[in-house]
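Notes to accompany the following structure.
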Amino acid sequence: MTTSPVSPALALPHWETTPDDLPGAIRQVKAAIRARIAASGRTVEEVFAVVEQRVAERVAEIRADRERGESVWPVIDYADIENGTVSAEQLAKLRRRGCLVVRGHFPREQALAWDAGIVDYVEGNGFFESYRGPGDDFFGSVGSKPEIYPIYWSAAQMEARQSERMATVQALLNSQWKHESEGVTWFDPRRDSLYPDRIRRRPPGADSSGLGAHCDPGTLDLWMTEAYQQAFRHLFDGSVEEYDPWDAAHRTAGPQYPGTTMCSAFRTFQGWTALSDMDHDQGVLHTVPIPEAMAYLMLRPLLDDVADDDMCGVTTNQVFPASEKWHPLLLEALSGIPDVRAGDSVWWHCDMIHSVAPVQDQQGWGNVMYIPAAPWCERNERYAADVREAFLSGSSPSDFPEEHYERSWPDRFTAEQLNTTGRRGLGLD
Ligand SMILES: [Fe+2]
């Protein structure tokens, strides 16, 4: 543990690697944050009440949208993004809700061809015969075939990642964030780092228990590393009104505590591209479409009814849970995506709570390629070095279990097939 040299009386203790004594570190950091908030002349309860009020207003708006039969999720046509004709109203809704469906991001035929291409790629390389079961305990499998394919380097995935259409949407999403402040350029909104992730193919008739509500930006490191303490400075110093969930300051370089669900990259938005049509009631993604809910998640553990060594259940090596016990107000806003078609893409702010609904006897396929918006920044440049190696050798990227199915597959995407966007994204140019 080291102590920051700035304003020594109110400095927060911080741990740049996972503390050995987690309960002890939680006790220390909570006491220090409480003291810093108290020094502003406000109590933790007052500060939390401000956040709760702000979130409650959003929840009420979402409920009103639902009652009017309006889509809670903003929907924008790709053509409007490409032509620069997205309305101010649409952009305002994107920022208010922190999530988006892009209609027709890719032509439907293109998406279906990619889906078929993935099937050829895995079947042609004997994937199902050699499949050894899930490499991590986060996603389960159905029967002998997985739902999540630990496949990263198919032509379909790489073509989508390096496509002009993907870059166009990522640039729009990145530009919702403040990427320059304090004299620092935190990231480049026009250059993506092509974060490689997996594929999901869930067959018709599948039963799935879904995924509980959680968020992915980190775990205890969100309270305990110096960079995150600066990123969330307005939550921890009594100036909560100034907290801006779209401010990238101090978020793009700092360390993360390792864990099975970690993401080494800074993502402005998580996202996926649909490779099949999916109806809204077939076990689809839900979010709590309130970017400011992060303030609630970060401050809630400081209230008196939470044990001194408890962060409302957040701990390393597990997903950050959102629960009925600690966050009932937030979960009231949980909203599913509308029906999507192959070629549409779905996006949500990297801090937002999300879940996957359970489904019984799923109608139709549920196929997606996970492709986020991960703009070029110090953290992503660092990770790009690992990604380059994994790409060139056909290995699983270092954020994922070491499964390496594709190393011997002759038809994986090659360096010669990279275009300018692909080369820039991998840091090769
Ligand atoms: Fe997640």
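Worth knowing before you read on, the calculation uses all heavy atoms, side chains too, and leaves out hydrogens, waters and symmetry mates. One-based numbering, in listed order, for ligands and for the atoms of each. Source: prediction; values computed, not measured.
- Looking at residues two or more places apart in sequence or on another chain, you find no salt bridge (charged side-chain N to carboxylate O under 4.0 Å, His left out) involving D279.
- Every pair passing side chain to side chain donor-acceptor pair (under 3.5 Å) that includes a residue from residues 283-297 is listed here, sequence neighbours excluded: R58-E292.
- In summary, C215 places no N/O/S atom under 2.8 Å from the Fe ion (ligand 1), failing the contact criterion.
- Both cation-pi conditions hold for R132 and Y405: the charged atom is under 6.0 angstrom from the six-membered ring centre and inside a 45 degree cone around its axis.
- Distances from the Fe ion (ligand 1) to each N, O or S atom of D216 single out OD2 as the nearest.
- Note on D344 versus R341: no salt bridge recorded, every NZ/NE/NH1/NH2 to OD/OE distance being 4.0 Å or above.
- Of all the N, O or S atoms in H214, the one closest to the Fe ion (ligand 1) is NE2.
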